[in-house]
Amino acid sequence: MKSSEQQELAEKIFTVIGGIPFGKVASYGQVARLAGFPKHARKVGQLLKNLPHGSTLPWYRVVNSQRRLSFPQDSIKFLEQKSRLQAEGVVFSKNHVIAKCCVWE
DNA sequence: ATGATGACCGCGG
DNA sequence: TCCGCGGCCATCA
C-alpha cells in the first residue's frame, strides 16, 4: 500500500470517527468499513493509540465488535473510556457489554 | 529479510 | 459466555 493511500486511509478513518453521533458507539471494523477500507480494523486502533493527548476526536466512541472496551478492566484507559461513554448516556451491563441500542447503525 | 506485535474480526467448539 | 485459531496488515526490532 502506497503512503499516499495510507494518508487517505487515515483521513477517512478520522472523518468517520468524528461522525459517530453523541451517545453512540461504532466498532473498529465498522469504522474501517465505512471509511472504505474493510480489512483495516487494526489500523483504526493504531491511529487511536497514537492520537495526541488533547485531541477532540471522540476516540472513546470506538469499541470492539463484541461491544466491549479493548482495554484491561483495571486500567486507567478503560475507566476513562467507560466514564466518558456513560457521561453520554451509553448503557453498560454488569459484564461491561454495551447495550445494542447504543451502536451506531 | 524475518519474526513478533497490536485499542481487530469472525467462526467455531 | 468464554477461549482458541486463522486471517489481516502496518510497524518495529
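As a basis for the values below, the full set of heavy atoms in this structure was taken, side chains included, without hydrogen atoms, waters or symmetry mates. Order of the sequence lines sets the chain letters (A, B, ...), proteins ahead of strands, with each chain counted from 1.
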- Mind running a 4.0 Å heavy-atom check of residues 19-32 of chain A against DNA chain B and sending the residues that fall below it, in number order?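 Result for residues 19-32 of chain A: A/S27, A/Y28, A/G29, sorted by number.
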- Scan residues 47-56 of chain A against DNA chain B and write down, sorted by residue number, each residue with any heavy atom closer than 4.0 Å; if none is found, say none.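 Heavy-atom cutoff 4.0 Å gives A/L48, A/K49.
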- Query: Is there side-chain contact between A/L69 and A/K77, with heavy atoms separated by less than 4.5 Å?
  - Reply: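 SC-SC contact between A/L69 and A/K77 ruled out.
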- Side-chain heavy-atom pair A/I17, A/L47 within 4.5 angstrom cut-off: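 No, their side chains stay 4.5 Å or more apart.
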- Query: Which pairs pass salt bridge (charged side-chain N to carboxylate O under 4.0 Å, His left out) with one or both residues in residues 87-99 of chain A, sequence neighbours excluded?
  - Reply: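 Only A/R61-A/E88 qualify under salt bridge (charged side-chain N to carboxylate O under 4.0 Å, His left out).
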Apply side-chain contact (heavy atoms from CB on, under 4.5 Å) to [X] and list each qualifying residue two or more places apart in sequence or on a separate chain.
X      : result
A/V103 : A/V25, A/Q30, A/R67, A/E105
A/E5   : A/M1, A/K2
A/Q66  : A/N64, A/R68

- With sequence neighbours left out, what residues match A/K12 under salt bridge (charged side-chain N to carboxylate O under 4.0 Å, His left out)?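 Here the qualifying residues are A/E8.
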- Item | Counterpart residues, salt bridge (charged side-chain N to carboxylate O under 4.0 Å, His left out), relative to A/R33 (two or more places apart) |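 Residues passing salt bridge (charged side-chain N to carboxylate O under 4.0 Å, His left out) with A/R33: none at all.
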- Task: Write out all pairs satisfying side-chain hydrogen bond (donor to acceptor under 3.5 Å, both in side chains) with one or both partners inside residues 46-59 of chain A, taking only residues at least two apart or from two chains.
- Result: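 Only A/K43-A/Q46 qualify under side-chain hydrogen bond (donor to acceptor under 3.5 Å, both in side chains).
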- With B for base contact, S for sugar-phosphate-only contact and - for none (protein heavy atoms under 4.0 Å), nucleotides 2-13 of chain C reads S----BBSSS--
- Pairs touching residues 75-105 of chain A that satisfy ring-ring contact (aromatic ring centres under 6.0 Å, His included), sequence neighbours left out: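 Residue pairs passing ring-ring contact (aromatic ring centres under 6.0 Å, His included), neighbours aside: A/F78-A/H96.
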Dump the pairs, protein N or O against N or O of nucleotides 10-13 of chain B, anything under 3.5 Å, distances to one decimal.
none

